[in-house]
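Note that the structure is a prediction, hence the values are computed from the model and not measured. All residue numbers refer to positions in the sequence shown, counting from 1.
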Amino acid sequence: MKAEPLTDLSFLSVVADGPDDYVIGNGETFVNVPGVAAAVVEALDGTRTAAEARALVLAESGLDVDVAEFVTGLGAAGLLDRPRRPPNLWDRIRPGHVAWLFSRPAHAVLAALTVCALAAAVARPGVLPSFSSLVWSDSLTFTVAFAAGSWLLVLVHELGHIAAARSLGVRAELSLGTRLQFLVVQTRITGIWGVPRRARYRAHLAGMRVDWFLACAGTCVLYAADLPVVRLVVVICLSQIAWQFLFFMRTDVYYAIANAGGNKNLMADAQAYLRARRTRTAPRGVRVYAWFLVAGRVLGLAFFALYTVPVTVAVCRRAVEELPGWQPVAALAVVGAGWALYLAVLGRRLLASTRSMARPSS
């Protein structure tokens, strides 16, 4: 009689996420399971058969679990296959290379810089930047500089997420995406589900931390010397922080709120609640967020129609009127490239979504 093979699931991560709530995953795919399922995964460490793990779990928890069927279910969910992903640039960053950025001394430096920036703002309120204080804000040169500076600082923001993810040993992937009518740079850190819930805040909020650091440092510099470029950096960084609070989209603050509430799919659950129009079946947090989602998206689309489009048209009209010259050409190039990228990314996403819906289920 052939002996039952040993089952090894030790490559799966098991993270406690709440009362009788665990997240298990292979680094790419993660699922929520109750405590008894997590106990089964931990029992299948390569030293036991499915039958032996079943007996162990029964003895410890009093629950009889069909372990063989459970393992089959994990296979159907794609958890038994180790992710095969080609290495990327960010994989070269080891946790030890960037962990110091999130150490207590680093927190102390940021706190001291914050105090200095607040003191500078109180001592000289004029250091606080505004669009009207930018002497070149009514020119096409400002349009080009603001666009170029925004993209550069967005990349720096995302590098903060990458550093935080790598400090936790989580893989990071950089790409372009969309949030409603906005073209965004985004960092994919699916593996963050494999770290403790409290540690996830580091990765979710690291970009805003970088923005705040630059804004505070810039404010201190402006106290000593009024430099238009530094003022522009501070304006952009503060704008990026404010943008993250538009959490009717998947922003950094959205992920932090979802993590705080223990909601693994807050936006998807809210959308499902709105489609079903059920008033009592969804958790209260999902119901509240659902209506905030509706209001936010209505306001977001109104902003697009009443501000983004008119400003874009005004910039293009002015650029055409000021032709020839490098400023109007650069302004038209920046606006055209931004819209072309947005439409390309949006079209690719919609095409992928259509193909996914058209694919027959097995």
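Around the CZ atom of F213, the shell of radius 6.0 Å holds no more than 12 heavy atoms that belong to other residues, nucleotides or ligands. Within 6.0 Å of atom CH2 in W193, more than 12 heavy atoms from other residues, nucleotides or ligands are found, so the atom counts as buried in its surroundings. Heavy-atom contacts from other residues, nucleotides or ligands closer than 6.0 Å to CH2 of W291 number 12 or fewer.
In the hydrophobic clustering of ILVMFWY residues, with side-chain heavy atoms under 4.5 Å counting as a link, I189 and L155 come out apart. Tracing side-chain contacts under 4.5 Å through hydrophobic residues (I, L, V, M, F, W, Y), one reaches I93 starting from L89; they form part of the same cluster. Note: the hydrophobic cluster containing I236 also contains M208 (ILVMFWY, side chain heavy atoms under 4.5 Å, direct or indirect links). With hydrophobic clusters built from ILVMFWY side chains whose heavy atoms lie under 4.5 angstrom apart, I24 does not share a cluster with L56. L343 and V315 fall within a single hydrophobic cluster, where Ile, Leu, Val, Met, Phe, Trp and Tyr side chains are chained together by heavy-atom contacts under 4.5 Å.
Within the 3.5 Å criterion, the main-chain N or O of G194 finds no donor-acceptor partner in the side chain of S13. Judged by distance alone, the side chain of H107 and the main-chain N or O of F102 form a donor-acceptor pair under 3.5 Å. A donor-acceptor pair is defined here as one N or O able to donate and one able to accept, closer than 3.5 Å; such a pair exists between the side chain of E52 and the backbone of T49. Checked by atom type and distance alone, the side chain of E28 never pairs as donor or acceptor with a backbone atom of P83 at under 3.5 Å. Although no hydrogens or angles enter the test, the distance criterion places a donor-acceptor pair under 3.5 Å between the side chain of D20 and the main chain of G35. Checking side-chain atoms of Y201 against main-chain N and O of A206 turns up no donor-acceptor pair under 3.5 Å. Between the R349 side chain and the G177 main chain, no donor and acceptor come within less than 3.5 Å of each other. In terms of modelled atom types and a separation under 3.5 Å, the side chain of R197 and the main chain of D17 share a donor-acceptor contact. A side-chain donor-acceptor contact under 3.5 Å links R48 to the backbone of A43. Formation of a donor-acceptor pair under 3.5 Å by the T72 side chain with backbone atoms of A68 is found in this model.
The ring of F292 has its center closer than 6.0 angstrom to the ring center of F247.
Looking only at side-chain heavy atoms (C-beta outward), V67 and V57 stay at 4.5 Å or farther from each other. You'll find the side chain of W339 reaches within 4.5 Å of the side chain of T312, heavy atoms only. Taking 4.5 Å as the limit, every side-chain heavy atom of V23 sits out of range of all side-chain heavy atoms of V31. Side-chain contact between V329 and P324 is absent, with no heavy atoms from C-beta onward closer than 4.5 Å. Residues Y289 and L293 have side chains in contact (heavy-atom distance under 4.5 Å, counting atoms from C-beta outward). Here the side chains of E42 and D45 are not in contact, with every heavy-atom distance at 4.5 Å or above. At least one side-chain heavy atom of L227 sits under 4.5 Å from a side-chain heavy atom of V221. For the pair V65 and L58, the minimum side-chain heavy-atom distance is 4.5 Å or more.
The two atoms that bring P196 and V15 nearest to each other are CA-CG1, 3.8 Å, heavy atoms only. Nearest heavy-atom pair across R209 and L101 is NH1-O, 3.0 Å. Taking both residues in full, the closest heavy atoms of V127 and Y223 are given as CG1-CA, 3.7 Å, listed atom of the first, atom of the second, then distance. Nearest approach of N265 to Y254, heavy atoms of both residues: C-OH, 4.5 Å. For the residue pair A172 and T187, the shortest heavy atom distance occurs at CB-CG2, 4.0 Å. The minimum heavy-atom distance between P328 and E322, with the atom names listed, is CG-O, 3.6 Å.
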- Can V210 and L159 be said to form a side-chain contact (heavy atoms from CB on, under 4.5 Å), step by step? CA-CA 9 Å; V210 171; L159 289 176; over 6 Å; no
- Test log, rule side-chain contact (heavy atoms from CB on, under 4.5 Å), inputs V185 and L174: CA-CA 7 Å; V185 182; L174 200 62; 3.8 Å; yes
- Query: Does the pair N88 and R171 meet the rule for a side-chain contact (heavy atoms from CB on, under 4.5 Å), with working shown?
  - Reply: CA-CA 9 Å; N88 64 21; R171 179 182 172 88; 3.6 Å; yes
- Task: Let me see the working for H157 and D211 under side-chain hydrogen bond (donor to acceptor under 3.5 Å, both in side chains), right down to the final yes or no.
- Result: CA-CA 6 Å; H157 172 103; D211 294 337; 2.8 Å; yes
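Screening W243, Y342, F304 for a side chain to side chain contact (heavy atoms under 4.5 Å, CB included) with F182, the sole residue that qualifies is W243. Just one residue in the list L9, L74, L12, L80 forms a side chain to side chain contact (heavy atoms under 4.5 Å, CB included) with N26, and that residue is L12. Of the candidates E173, H161, R179, R250, Q186 forms a side chain to side chain donor-acceptor pair (under 3.5 Å) with just one, namely R179.
The line from CZ of R318 to CG of L332 is 12.5 Å long, rounded to the nearest 0.5 Å. The distance from atom OG of S167 to atom CZ of R202, rounded to the nearest 0.5 Å, is 4.0 Å. Note that OG1 of T178 and CE of M249 are 10.5 Å apart. Values are rounded to the nearest 0.5 Å. Between the OH atom of Y255 and the CG atom of D252 there is a distance of 9.0 Å, given to the nearest 0.5 Å. The structure places CD1 of I241 at 5.5 Å from CG of L238, a figure rounded to the nearest 0.5 Å. Once rounded to the nearest 0.5 Å, the distance linking CG of N259 with CZ of R198 reads 12.0 Å.
Taking the salt bridge (charged side-chain N to carboxylate O under 4.0 Å, His left out) definition, one finds that E158 meets it with nothing, sequence neighbours left out.
In this structure, K264 does not pair ionically with D269, as no charged nitrogen and carboxylate oxygen lie closer than 4.0 Å.
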